[in-house]
Amino acid sequence: MEDEYQIPRERMVARLRDHYKIQDERVLDIMLQVPRHLFVPEAIKFQAYKDNALPIASKQTISQPFIVAKMTELLELTPNKKVLEIGAGSGYQTVILSQLAGYIYSIERVEKLAKITQKKLDLFEIKNVTLKCDDGTNGWEAYAPFDGILVAAGSPDFPQPLLEQLAVGGKLVIPIGDEAKSQKLFKVTRTKHSFQTEDFGSCSFVPLIGEHGFHN
Ligand code: SAH
């Protein structure tokens, strides 16, 4: 898929590999293919491949490329995995996930953004994603358990329903922090009898707002 942003996209991926040490070649390869500039507002299209988050509609953000790559890598996806995504936002992460896992269930709280994401899924003719507009902190019981759960907004704590909806061996990747804008990225792996938690350092996300998140 050659386009006018091919070179900035190649530079972005080189930075992910060389500076940020993203190692999963499948993640790097798909980020080289997905046209990130189509997921940001037209007026800031030229900034799409920069090393930072950018504003999208409804006061939300499209995550920094490194964060998208890191969270995706931590899920250790293969084509047979079933993933729950909370916070579809622009739909960029959703599309990346759809190319690496078997099936994606995605929840976005803001209706306008859910519509934007659905349009992108239609545009790219992506058939392995089901999206709904709802509070994702309750998970999606009907399709549980999930092999991976990715939360793209900062939560005050690990939402209990998401832990419960994780398959044994499944991974929850989530930013946690008391403050609305500063968190630590965690990966929780469900084992047969407990949960194993790893800390992947500081990050900054918009707040996760809902029953098991921040209360608006
Ligand atoms: N991965 C997205 C990130 C979007 S920002 C991207 O790169 O574009 C985080 C998103 O989480 C916002 O769109 C926000 O509306 C959404 N969000 C916040 N709380 C939520 C909740 N409880 N359930 C579902 N989505 C939520």
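As the structure lists them, so they are numbered: ligands from 1, and atoms in each ligand from 1. Positions are given from 1, in the same order as the sequence printed here.
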Does [X] have more than 12 heavy atoms from other residues, nucleotides or ligands lying within 6.0 Å of its [atom1]?
X    : atom1 : value
E111 : CD    : no
D199 : CG    : yes
K187 : NZ    : yes

Considering only protein heavy atoms, which is closest to [atom], and at what distance to one decimal place?
atom                    : answer
atom 9 (C) of ligand 1  : A152 O, 3.3 Å
atom 11 (O) of ligand 1 : G87 CA, 3.2 Å
atom 26 (C) of ligand 1 : R109 CB, 3.6 Å
atom 19 (N) of ligand 1 : I209 N, 3.0 Å
atom 23 (N) of ligand 1 : G136 N, 2.8 Å
atom 3 (C) of ligand 1  : T61 O, 3.5 Å
atom 15 (O) of ligand 1 : E108 OE2, 2.6 Å
atom 8 (O) of ligand 1  : S90 OG, 2.6 Å

inquiry  = For the 3.5 Å polar cut-off, considering only N or O atoms, please tell me whether D135 and ligand 1 meet it.
reply    =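 Among all N and O atoms of D135, at least one is under 3.5 Å from an N or O of ligand 1.
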Enumerated ligand 1 atoms positioned under 4.0 Å from heavy atoms of [X]:
X    : answer
I62  : 6 (C), 7 (O), 8 (O)
V110 : 15 (O)
I86  : 23 (N), 24 (C)
L208 : 19 (N), 20 (C), 21 (C), 22 (N)
D134 : 23 (N), 24 (C)
V206 : 5 (S), 9 (C)
Q93  : 1 (N)

request  = Would you check if there is a donor-acceptor pair between the side chains of S63 and Y92 at a distance under 3.5 Å?
outcome  =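 No, S63 and Y92 have no side-chain donor paired with an acceptor closer than 3.5 Å.
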inquiry  = Can a side-chain donor-acceptor contact be found between E85 and T94 if the only test is distance below 3.5 angstrom?
reply    =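 On atom types as modelled, these side chains qualify, holding a pair under 3.5 Å.
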cation_pi(K82, Y103) dist<6.0 Å, angle<=45 =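 Ring-cation test returns no.
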query = Below 4.0 Å from any atom of ligand 1, is there a heavy atom belonging to A88?
reply =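 Judged by the 4.0 Å heavy-atom criterion, A88 does count as contacting ligand 1.
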request  = Quick one: sort the Y105 and W140 rings into parallel, tilted or perpendicular, breaks at 30° and 60°.
outcome  =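 Perpendicular, since the angle between the ring planes exceeds 60°.
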key: Proximity winner for atom 18 (C) of ligand 1, if only heavy atoms of S63, G213, P207, S58 are counted   =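 Checking each option, the heavy atom nearest atom 18 (C) of ligand 1 is found in P207.
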key: Member of R36, H37, Q33 meeting the side-chain contact (heavy atoms from CB on, under 4.5 Å) criterion with R9   =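 Going through the options one by one, the only one that passes is H37.
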inquiry  = Testing F158, F195, F200 one by one against F186 for a ring pair (Phe, Tyr, Trp, His ring centres under 6.0 Å), which residue passes?
reply    =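 So the option named by the test is F158.
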key: Under 3.5 Å: donor-acceptor pair, side chain of T117, backbone of G89   =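 Yes: the side chain of T117 pairs with the backbone of G89.
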inquiry  = Main chain of G136, side chain of D134: is a donor-acceptor contact present, judged purely on distance under 3.5 Å?
reply    =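 No, D134 side chain to G136 backbone: no donor-acceptor pair under 3.5 Å.
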